[in-house]
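Quick notes on the structure that follows.
Fair warning: this is a prediction, and the values are worked out from it, not measured in the lab. Start at 1 with the first residue, then count along the sequence.
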Amino acid sequence: MAKGKRKAVEPLEVVAVNSPAPKHARLDDGEEPVIRTQTNGTNGHLLKELDDEADVLTTAEEQHAELNEAGANIEDDEDDEPIQSGPIRQDAPNEGYTDLYLDTISRTVLDFDFEKLCSVTLSNINVYACLVCGKYYQGRGPKSQAYFHALEEDHHVYINMETKKVYVLPEGYEVESKSLEDIKYVVNPGFSKHEVAKLDKEQKVSWDLAGRKYVPGYVGMNDIKANDYFNVVIHALAHVAPLRNYFMLEDVASRPQLAQRFSTLTRKIWNPRAFKAHVSPHELIQEVALRSNKRFQLTEQSDPVEFLSWFLNNLHLALGGSKTKPGTSIVQKVFQGALKIESQLITARADAGDRLRFEDADVKTDIMRYLFLTLDLPPAPLFQDERDQNIIPQVPLSTVLSKYDGRKAQEHLNYRRRYRLLHPLPPYLLFHVKRFSKNKFISERNPTIVTFPTRSLDMSPYVEPNPALHPTAEPLIYDLVANITHEAVRTRDDSVEGEAEKKVWRVHLRDKTREEWWEVQDLFVERVRGETVFARESYLQVWEQRRGTGGKAKAK
Ligand SMILES: [Zn+2]
């Protein structure tokens, strides 16, 4: 039988129910009046409604169409089956049975961090979570996956992952109960302006369902397979206050999934009412894998800086940022700065002791925008003997930053270059300590430790004076807020250095309310003393401009 010509058999089932009907005896997922837990209909209304055959027909058609749209399996021969044998559909619970089934909800199995795909159809449209077993199913109309699950497993309570409305199936009525608020909050935690303003000011402690104590914002992140490189970057970004606040407060519902899912994950990281003391980045990383053509995914490690670069650029575009105009998204407002590059073509090599003579040759000056600054390490000593426990080389951060002092020249290919940052510096600086280099044959790692204070880094020596934007000779102070470190862990005891190594990524996060540091490696979260932050191979650092020292550069 062709679509839309089915007899309106199903809605008539409502007749058998001794409960009030709403205006439309609709059973599908379309708009309908919210059924309060108190009954309020009259039989007269019900009869009048059912006499209106046209209306009922429309309902059946709509229902069929919507099910089709949602991808549910509808067999063409279904009309031959006696549908009357199906369970009774209701628009409201029987009187006195409002909270029936609510005690079958099992909060401990609920995990809304995974991508919302129906476990049967794999569709992401119109997905419900079964609150009894935690699985996702599509639709809630008759013959939908959730409906069948309710019949087969005797699991009756479902939440729509979009609307957060809770329904009892197979009966099909909505349940409104204050006792469901905690679940709705975990699906998609919301924050008020006031709450966000307190995040970095008031010390907070929470307990999860298992009674584990945790500090919102400093929670473990599930390394599902090999996505630790991803986790550390997301954690670092979720602690950049203006970016975090933007994604907690702005409505990004009309933006692409990348922005939406980052927003959700950021709010989950800071959720003070979480069911468990960690989060899974599954939803976001699945979107990243899709958008990046699997350049970044959860099954294979990648470089955190490469991922950061990709992510910031794509987040910028997802927020409607311009490809050419600077400062057109929160991403650029927070991280983007400009630097001056002077280049001189090397025509004839001078002798070894010769300094650069820019006055003699054509010097080309370019202004370039950056989202992060690359810091080069001095070459590490070669041929270190493993048994001698050789000393790992160290270099102060100020030394590697001198790349940007406008005096030191670097040679690259046929050019000598000098770099200098320009005012105004961005509110947040990202430093990439370049440890890995690839040549034709191998990928090499420089294990040099960069030493740095976690507070009061003065950036003014690396910025071209510009009295109009920043008073000359006044410091420009930054404090560290996040630090991503690398550790090479041998996968075999007998392997030589560089062979069979696994990269382990960790992130250190400053807890501003306690003036303490947290170290997060996947699910492991621990408080660390400031000094231990130095002792590892720092790879990516996030520095925050101290209030009142930034001249005119201010984050929103
Ligand atoms: Zn279930």
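Remark: E162 CD is loosely packed, at most 12 non-hydrogen atoms of other residues, nucleotides or ligands lying under 6.0 Å away. No more than 12 heavy-atom neighbours from other residues, nucleotides or ligands sit within 6.0 angstrom of CZ on F524. Around the CZ atom of F191, the shell of radius 6.0 Å holds more than 12 heavy atoms that belong to other residues, nucleotides or ligands. The environment of NZ in K434 is sparse: at most 12 heavy-atom neighbours from other residues, nucleotides or ligands sit within 6.0 Å.
Side-chain contact between L345 and Y415: present, with at least one pair of heavy atoms (C-beta onward) separated by less than 4.5 Å. Using a 4.5 Å cut-off on side-chain heavy atoms (C-beta onward), L401 and L457 make contact. Y370 places a side-chain heavy atom less than 4.5 Å from the side chain of L429. The closest side-chain heavy-atom distance from V395 to P393 is not below 4.5 Å. When side chains are defined from C-beta on, V433 does not count as touching V400, because their heavy atoms never get closer than 4.5 Å. Side-chain contact check for V252 versus S263: some heavy-atom pair is nearer than 4.5 Å. Counting heavy atoms from C-beta outward, V450 and L375 have side chains that stay 4.5 Å or more apart. Counting only heavy atoms from C-beta outward, the side chains of I269 and M221 approach each other to under 4.5 Å.
Using bins of under 30°, 30° to 60° and over 60° for the plane-to-plane angle, the ring pair W517/H508 lands in the perpendicular bin. Using cut-offs of 30° and 60° for the angle between ring planes, the W543 and F431 rings count as tilted. A tilted orientation is assigned to the rings of Y539 and W505, their planes being inclined by 30° to 60°.
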V525/V215 under side chain to side chain contact (heavy atoms under 4.5 Å, CB included): CA gap, chis, key distance, verdict:
CA-CA 10 Å; V525 181; V215 175; over 6 Å; no

Derivation of the side chain to side chain contact (heavy atoms under 4.5 Å, CB included) call for R510 and E516
CA-CA 6 Å; R510 181 194 289 276; E516 281 178 343; over 6 Å; no

Show your working on salt bridge (Lys or Arg N to Asp or Glu O under 4.0 Å) between K503 and E487 and close with a plain yes or no.
CA-CA 6 Å; K503 288 183 168 74; E487 187 187 359; over 6 Å; no

Pair F311-L258, side chain to side chain contact (heavy atoms under 4.5 Å, CB included): steps then yes or no
CA-CA 9 Å; F311 188 66; L258 194 75; 4.1 Å; yes

List the steps and the verdict of ring pair (Phe, Tyr, Trp, His ring centres under 6.0 Å) for F307 and F230.
CA-CA 7 Å; F307 168 62; F230 178 97; 4.8 Å; yes

Let me see the working for E115 and R261 under salt bridge (Lys or Arg N to Asp or Glu O under 4.0 Å), right down to the final yes or no.
CA-CA 10 Å; E115 199 175 22; R261 294 185 186 194; 3.1 Å; yes

What verdict does the side chain to side chain contact (heavy atoms under 4.5 Å, CB included) test give for D111 and H282, after you've listed the backbone C-alpha separation in whole Å, the side-chain angles of each residue and the deciding distance to 0.1 Å?
CA-CA 11 Å; D111 184 332; H282 187 256; over 6 Å; no

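The main-chain N or O of E342 is never found under 3.5 Å from a side-chain atom of R420 such that the two would form a donor-acceptor pair. Here the side chain of Y185 pairs a donor or acceptor atom with the backbone of G190 at under 3.5 angstrom. In this structure, the side chain of Y428 does not engage the main chain of L243 through any donor-acceptor pair within 3.5 Å. Formation of a donor-acceptor pair under 3.5 Å by the K403 side chain with backbone atoms of T374 is found in this model. Judged purely by atom type and a 3.5 angstrom limit, R369 has no side-chain atom pairing as donor or acceptor with the backbone of Q332. Panel note: side chain D479, backbone S456; a donor-acceptor pair is recorded below 3.5 Å. Checking side-chain atoms of T328 against main-chain N and O of S322 turns up a donor-acceptor pair under 3.5 Å. Although no hydrogens or angles enter the test, the distance criterion places a donor-acceptor pair under 3.5 Å between the side chain of Q260 and the main chain of A253. For S402 (side chain) and D405 (main-chain N/O), no donor-acceptor pair under 3.5 Å exists by modelled atom type. Distance alone, capped at 3.5 Å, places no donor-acceptor pair between the N124 side chain and the V127 backbone.
Legend: residues meeting salt bridge (charged side-chain N to carboxylate O under 4.0 Å, His left out) with E300, ordered by chain and number and at least two apart, are absent.
Atom CG of L339 is separated from atom CG of L422 by 7.0 Å, given to the nearest 0.5 angstrom. The distance from atom CD of Q541 to atom CD1 of I484, rounded to the nearest 0.5 Å, is 10.0 Å. Here the straight-line distance linking atom CG of N245 with atom CG of L199 works out to 6.5 Å at 0.5 Å rounding. Note that CD of E526 and CD of E519 are 5.5 Å apart. Values are rounded to the nearest 0.5 Å. How far CD1 of I392 is from CG of N446: 11.0 Å, rounded to the nearest 0.5 Å.
What you find for G220 and V520 is that their closest heavy atoms are CA-CG1, 4.3 Å.
Among residue pairs with one or both ends in residues 182-193, those qualifying as salt bridge (Lys or Arg N to Asp or Glu O under 4.0 Å) are R107-D182; sequence neighbours excluded. Screening residues 229-243 for side-chain hydrogen bond (donor to acceptor under 3.5 Å, both in side chains) gives N227-N231 as the qualifying pairs, with residues at least two apart or on separate chains. Within the structure, salt bridge (Lys or Arg N to Asp or Glu O under 4.0 Å) contacts touching residues 456-465 (residues at least two apart or in different chains) are K340-E464. Note on residues 210-236: pairs passing salt bridge (Lys or Arg N to Asp or Glu O under 4.0 Å), not counting sequence neighbours, are D208-R212.
In this structure, the ring of F262 has its center less than 6.0 angstrom from the ring center of F247. Between Y218 and W518, the ring centre distance stays below 6.0 Å.
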Please tabulate, one pair per line, all N/O donor-acceptor pairs under 3.5 Å involving side-chain atoms of residues 271-280, not counting sequence neighbours.
unit_1 : atom_1 : unit_2 : atom_2 : d
N271   : OD1    : R273   : N      : 2.7
K276   : NZ     : D113   : OD2    : 3.4
S280   : OG     : N222   : ND2    : 3.0

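Side-chain atoms of H486 and E537 include a donor-acceptor pair closer than 3.5 Å.
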